[in-house]
*Asks:* 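Just passing along the structure, written as C-alpha cells.
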Protein chains: 2
Amino acid sequence: MAASRRPLAPDEPNRRAEIVRAASRLFAEKGYSATTIRDIAKAVDMQSGSPFYHFKTKHDMLLAVVLEGMATITRATRAAAARGGTPREVFDAMLLAHLEQLLAEDGRHFAATLLHEGHHLEPAALKELIAHKDTYEAMWQKALRDLKRAGNIGDDSRVTRLFLMGALNWTVQWYRPNGGRTVKQIARQISDLLLRANA
Amino acid sequence: MAASRRPLAPDEPNRRAEIVRAASRLFAEKGYSATTIRDIAKAVDMQSGSPFYHFKTKHDMLLAVVLEGMATITRATRAAAARGGTPREVFDAMLLAHLEQLLAEDGRHFAATLLHEGHHLEPAALKELIAHKDTYEAMWQKALRDLKRAGNIGDDSRVTRLFLMGALNWTVQWYRPNGGRTVKQIARQISDLLLRANA
DNA sequence: GCTTGTCAAGCAAGCGCTTGCTTGGTAGCA
DNA sequence: TGCTACCAAGCAAGCGCTTGCTTGACAAGC
C-alpha cells in the first residue's frame, strides 16, 4: 500500500528516514492534523511538494511513524523479557525497556505519536496497528500471570494490565529529561508500587 | 474575554450550550484541528457562520469545553472528599467520582477533550487550565498523604500521584459502557491494587 | 388595536488564505 | 542514456471568520 521497503543505497544519507523523524517530532508536538506537509518539508530543507516523492500521502507518513514506534518498543521489551530471570526480574526489565523507549531523547516522539495520533489513521491501517498492539500487550499479560504465580501480585486480570499501561504511558505527559528523576528510578518506583513487598 | 455570562432568557433552549456540547463530542472524536466550524454548525443545525455569534473564535470554543470539563470533574471529586470518613473511604469516594465524570455518557467528551486537546489552547488559556489542574491534583496529593499516615500505602510521593492519574485517565482509552464492567467495579479494582490489604 | 422601534439570534454569501497533492522539468550521478 | 531525487509552480478544495441583512418576539406610544 505505502511506498515502503525500497532497496535504498546503503549508508548514504537517507532522506526518507529524515522525513519520518521530522514528522514524528512535529506530529508529537502539534498533532497530526495541525502539522502541514510544508512544516515537515521545511524541517528537512525541502520544497513542499518533495516529500511526496517518498510518500504517497500524508497518512502514509503517519503510518510509517507509528509502525516504527511500535516496532521499536516491541523489540526492546521483547529483548528485555528474553533475558530471563525470576518473574520480578523479567517484569522489572520490561518496565525499564518500555519506559526507555517512551522517554528517551531519540525515540519519544515516535512513542508520543503512536499513543496520541494513531486514531487519525485510515481504518485498514488502524486495524493493523491494533493487531500489533494486541500482540505487544499479550507479552505484558503473560508477565503479570507469572508474577501472580510467584505470589508477587494478587490480581493479574486484564484491568490490572490496563492500569499498568496507563501509569506507564502517562509518563509521556509529565516526564522531563532533566527533572531530577532518572528513567531507572521511575521504573523502580512503579515496580515497588505494584508488587507486594517480598517473594 | 469570551462572550460568556449573557443574561439569556431563562428556561429557553440554550443554543450556546448546545454548541459547546456538540463541540466537545467532535473535539473528542476527531481532535481539535480536524474538527471544522462547519462540522460543529452542522451538528446543531446552523449555518457555518452562525456559531461566531456565540463565540469569537474557534479557540474560545475549545476553552469553553475544557473549562467546563475541568469544573465538572473538580466539583464532583471535591464533593466526594467533603463527605468525610476514613482516609480509605475518602480515597475510594474520590476514585469513583473521578471515574464517573470521565466515563459517564453525558460528560466523557468533555473529559476526553480536556485530556487530549488542551495543548491546542493559546498560551494564556493553557496557563489558566494548568492552574486549575494543579489545584485539582493537590486534592489528590492530600488524599495520598492521609492514606500514608493511616498506613494504607508506603509511598505518597508526587510520582505515585502521577502513576495514579495515569491509570485513571487511561481508562478513557479502553473503557466501553457495555463492556461487562461497571465504573464502580473499576474504581474498586484500582483501590485494591494500590492499597495494602489491611488498616 | 395598530403602528413603530429595538434586540437577540441567526442566515446567505463570500473573502483571503492554507491545505494536500500534482505536474513538468532538470541537475547529478552511473 | 537512464534513473534518482528533487525543485518551481500551481490547482482545486476547504478553512476560519466577516459582513450585511432578515426574522420573530416583545414593548412603548398613540
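In what follows, every chain begins at residue 1, and chains take the letters A, B, ... in the order their sequences are listed.
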*Asks:* Touch check for Ser33(A), heavy atoms < 4.0 angstrom, all strands: base, sugar-phosphate only, or nothing?
*Replies:* nothing
*Asks:* Please check the phosphate of dC6(D) (OP1 and OP2 only) for any side-chain N or O of His54(A) closer than 4.0 Å.
*Replies:* yes
*Asks:* Mind calculating the distance between CZ (Phe55(A)) and C1' (dT4(D)) to the nearest angstrom?
*Replies:* 16 Å
*Asks:* In whole angstrom, give the distance that lies between atom CZ of Arg15(B) and atom P of dT23(D).
*Replies:* 18 Å
*Asks:* Do the charged groups of Asp92(B) and Arg83(B) touch, with an N to O distance under 4.0 Å?
*Replies:* no
*Asks:* Under the side-chain contact (heavy atoms from CB on, under 4.5 Å) rule, collect the residues that match up with Lys148(B), sequence neighbours excluded.
*Replies:* Ile153(B), Asp156(B)
*Asks:* Rounded to whole Å, please give me the gap between CG in Asp39(B) and P in dG14(D).
*Replies:* 12 Å
*Asks:* Roughly, in whole Å, what's the span from NZ in Lys30(A) to C1' in dT18(C)?
*Replies:* 12 Å
*Asks:* Going by side-chain contact (heavy atoms from CB on, under 4.5 Å), name the residues that satisfy it together with Arg108(A), two or more places apart in sequence or in a different chain.
*Replies:* Glu105(A)
*Asks:* Check the distance between dA12(C)'s P and Lys42(B)'s NZ and give it to me in whole angstrom.
*Replies:* 15 Å
*Asks:* Using the test side-chain contact (heavy atoms from CB on, under 4.5 Å), find all partners of Asp39(A) that sit at least two apart in sequence or belong to another chain.
*Replies:* Leu26(A), Lys30(A), Thr35(A), Thr36(A)
*Asks:* Should Gln47(A) be listed as having a side-chain N or O under 4.0 Å from OP1 or OP2 of dA8(D)?
*Replies:* yes
*Asks:* Keeping Ser24(B) on the side-chain end and Arg21(B) on the backbone end, is there a donor-acceptor pair under 3.5 Å?
*Replies:* yes
*Asks:* Can you build the contact string for nucleotides 21-30 of chain C? Use B for base contact, S for sugar-phosphate-only contact, and - for no protein heavy atom under 4.0 Å.
*Replies:* BB--------
*Asks:* With sequence neighbours excluded, tell me which residues meet salt bridge (charged side-chain N to carboxylate O under 4.0 Å, His left out) with Lys133(B).
*Replies:* none
*Asks:* Who are the side-chain contact (heavy atoms from CB on, under 4.5 Å) partners of Glu117(A), not counting sequence neighbours?
*Replies:* Tyr32(A), Leu62(A), Thr113(A), His120(A)
*Asks:* Any salt bridge (Lys or Arg N to Asp or Glu O under 4.0 Å) pairs touching residues 157-168 of chain A, not counting sequence neighbours?
*Replies:* Glu137(A)-Arg161(A)
*Asks:* Over how many whole Å does the gap from Met46(B) atom CE to dC17(D) atom C1' extend?
*Replies:* 15 Å
*Asks:* Return the value, rounded to whole Å, for the distance between atom CG of Asp45(A) and atom C1' of dA5(D).
*Replies:* 15 Å
*Asks:* Under the salt bridge (Lys or Arg N to Asp or Glu O under 4.0 Å) definition, can you give me all pairs with a residue in residues 171-182 of chain A, not counting sequence neighbours?
*Replies:* none
*Asks:* Calculate the interatomic distance between Tyr53(B) atom OH and dA12(C) atom C1'; express it in whole Å.
*Replies:* 18 Å
*Asks:* Can you list the stems that DNA chain D is part of, where a stem is at least 3 pairs in a row, each Watson-Crick or G-U, with both distances below 3.5 Å?
*Replies:* C:1-30 with D:1-30
